[in-house]
Amino acid sequence: MMGDLQMRVTALHDEAAGIRRVRLEPVEGGLLPAFSGGAHVVVAMPDGDVTRRNPYSLCCDPEDRTGYEIAVARAAASRGGSAYIHERLAVGDVLTVGAPTNLFQPDWRAKKHILVAGGIGITPFVAMMAQFARAGLAFELHYAVRSRAAAAFAGVLQDRYGPRVKIYAADEGARLPLGALVQNQPLGTHLYTCGPERLMDAVLETARQAGWPEQALHSEHFMAPPPGDPFTVTLGRSGRDVAVAPDQSLLEALEAAGINPRYLCRGGVCGECATKVVELRGTILHGDHYLTPEERAESRTIMICMSRFSGDRLVLDL
Amino acid sequence: MDTAYSATHRPETFRDETFRGDFSYANSPGNIRHFPFPFHEDHYRYSVNIEPHVPGLPGSAFEHLIDVDEHYLAEMADRAQVLAEDPLRYQALPHMMLAQWDTLELLMEEQARAYPHLFTLERNGDQWRWINRPLGIDDTFTFGDPSTLPREPLDYICRQTQGDIALMDQREGNLWMDAGMITAQADWSLDFDVGMNFHEWHAPVPLAPQMGVFDRALKYLLNLQVGKPVRRLNWTMTINPRLDTSPETYPKWGPDRTTVTPENVGQKVHLRVELQSLWRLPRSNGMLFVIRGYMMRMDEVVTVPKWGRRLPRVLESLPPELAEYKGLSRYRQTTIDWLKRHDDGAPTSPGIFPD
Amino acid sequence: MQGATIRSRPVYPGLAIAPLARRHIFALEGEGAGALLDIAGDLTPEVLGRSQILYVARGSLGVGHHGALQTLGAAFWAAPTVQPLLGRLDVELSRSHMGTRLYLAGTEGFIGQAMQVAAAHGIDPASVITEHRGSRARRVQCVHCKGVTEGVTASPFTCGHCGLNLYVRDHYSRRLGAFQGVNIDAEEPGAVPPPEELYL
């Protein structure tokens, strides 16, 4: 049975400028489960008094059962995870890693897969392409980067997949040819995008403008919980108050207080951490992609991994 | 008798029996206590009752996650016969190949782990050797290459695994039944249902949709994780120990329902339980749905006093529309009357296991 | 009797032009022509210039709608029966690209069959724009012999392939484009209630 894994850092590699790849192998040895392209794991990292649990896409071959790899960009305003991995993590360290979970799965029916990555958004596609290539599926990757020096995995992907990989370096004046990309693609093509929100919005909007149906469009929102004003939440079952700091998510504050709510993605996508609101005097600042606009307006449910609160009193069914 | 549970379930011999014709299927005394009796209490209550699929009581059907018992060989023979007559009982839409391999791996690993005296899996990279001693199979193949197996991977392994199998693809916030091998279904057709989503294939089930149970169950299953399978029990009744009660062959078995008399209830009427387990598949992110069926005739049920008392009470409390859906209407009362002779009215202990 | 809702049955929301599509393919059967003619006001010259209409008159009351459809001014092709229409649709789709939207209108059996052609080209059924017009007759697959009977208006009915008496179950398979027919007198052979005209 598989729950959280204790995994040892066996290699650290600067994949590109500001992007560090981490290889993790199980402390107890043995084979890991294979996983599916697009899957992420949640990695727990100590950050002062807080344990940061961040989701990272697996960016290795899913058939390599000896280890998992993640790649982490150094964030300008790091909440802790990125700085920890870049500055403090060392080979030999042991981290707690959750089981792979996939919220960005390829549509296996596709006649062809078009992947559009921006920057660190390349990670889920590294694993996807390994699966596509092994299964003999048609695919192409379009990868936008600031510069070739910042293009993680670019060399290895071009070696593996040749002309199916196209790189567009901004400092060379190259731009993603979005309009051309969505033209003349065979029926049954699916489009996937991962990267900065602006890039994903542009990709999806271009495809929609070219008449693509929503069913063929897939995106993964790489989001960290937003910082904000501090607030206090009251636990309905115990009456206990828990303070949420500006750079802490509600879920993280609850975990720091010894409560362990259910979660999977920690990015507002999967719905697993949906929590019932018992009492509300104020406004929930919904930060998730899961609730419908109606559910947001009702505010009977809060996704505690991403959402914050502003007001006098928030009581949760915890 | 209680000591039966102290021993691990380790089938050594397999019954030579039939699920058609002379219907020689029966449970040995030890296997009766292995049976997953589905009722926790004396009243019928519809619930999804999903729980973690973790190894349970030694000797019970829950001890091993993929259960093999004394009926293994006979079930595999019956399955082969059903497939020979109707190959449409096996279906796999083209996009399910990766999920097929996931399933082959999972079923081989689980069976070899639980029953090393029956099954062996040797892996050397993608070169695998699979030994199935009861069926006399010893095959070497390349994992991931369908041309190295005599059949598609799902077809191959399902012919060596007790229980019906459905594979689901996950997309668009739903689960789609896009492959499977169903030869012992309780009145639903894989050929008809393949390609349907979770709500669509449950369409004929009465009551439940209004209760919103399917919406809740689906939300739960969509977030199911690798390595954390779940299970639930479902049940119906079957006249004669017939595995193949498919819609396809309804004209063959439908008339059986009119043959129940007060004299033959003990022999003819069978409680049919499905131990359903659901597993997230690692490579495809699909879901494996194992529907492991068990049958036990009324004569055998009442050898466990607790079950003999509880079953008539449950059957009496069953809503009529569910009795109709399960096809029990014609013989429910006759069966209750027969079972009542074994119910002295004493209270029963909670839970499903014998006292 | 037909239930209020059948959760396995597709819904047919009605034809509406997808304004961003680069190409529009309309496959229309019989009264399904009316579904397109009713939104003729939305058919701008730009839309018509990107459109292909495939039409079969089957199921129409009277003589069909060839004239009215042709007058719209889009590329038009009429099939004598459903089979050649489906064959032509297959060819059109095999030469189409993403950005092409498919519109289907007619009887449920026709929509189901055309949807099968579309699915083979990787078109997600949810992206196809549909409208049910004309007879409510059902296309029914006999679950026993697998034979399909077109235009079933009554239940029970006799399977044209194996001869069993079938009732029409409120359960629809998109893959087969058919409802399910199940033997009604399996338990008591000969106990067949009189047919009811349920799907006219």
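Convention: sequence-line order gives letters A, B, ...; per-chain numbering from 1.
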Query raised in the report: Non-hydrogen atoms of chain B under 4.5 Å away: do they reach the side chain of Gln180(C), the backbone, both or neither?
Result: both
Query raised in the report: Between Tyr172(C) and Glu200(B), do the side chains contain an N or O donor and an N or O acceptor separated by less than 3.5 Å?
Result: no
Requested in this report: Check whether more than 12 heavy atoms from other residues, nucleotides or ligands sit under 6.0 Å from atom CD of Glu46(C), and answer yes or no.
Outcome: no
Query raised in the report: Between the main-chain N or O of Pro204(B) and the side-chain N or O of Arg7(C), is there a donor-acceptor pair closer than 3.5 Å?
Result: no
Requested in this report: Keeping the roles fixed (side chain from Ser8(C), backbone from Trp201(B)), state whether a donor-acceptor pair exists under 3.5 Å.
Outcome: no
Query - Approximate separation, where rounding is to 0.5 Å, of Gln91(B) CD and Arg175(C) CZ - result: 4.5 Å
**Report entry** Residues Arg330(B), Glu188(C): salt bridge by 4.0 Å N-O rule
**Finding:** yes
Query raised in the report: Salt bridge check: are Glu248(B) and Lys146(C) linked by an N-O gap of less than 4.0 Å?
Result: yes
Report summary line: Pair count under 4.5 Å, heavy atoms only, with chain B: among Val182(C), Asp185(C), Leu164(C), Asp124(C), highest is Asp124(C)
Requested in this report: Take Asp191(B) and Gln141(C), measure what side-chain contact (heavy atoms from CB on, under 4.5 Å) needs, and give me the verdict at the end.
Outcome: CA-CA 11 Å; Asp191(B) 176 49; Gln141(C) 188 211 42; 3.5 Å; yes
Query raised in the report: Would you call the rings of Phe192(B) and His171(C) parallel, tilted or perpendicular if under 30° counts as parallel and over 60° as perpendicular?
Result: tilted
Report task. For chain C, find which of Val194(B), Asp193(B), Thr258(B) contributes the most heavy-atom pairs closer than 4.5 angstrom. Result -> Val194(B)
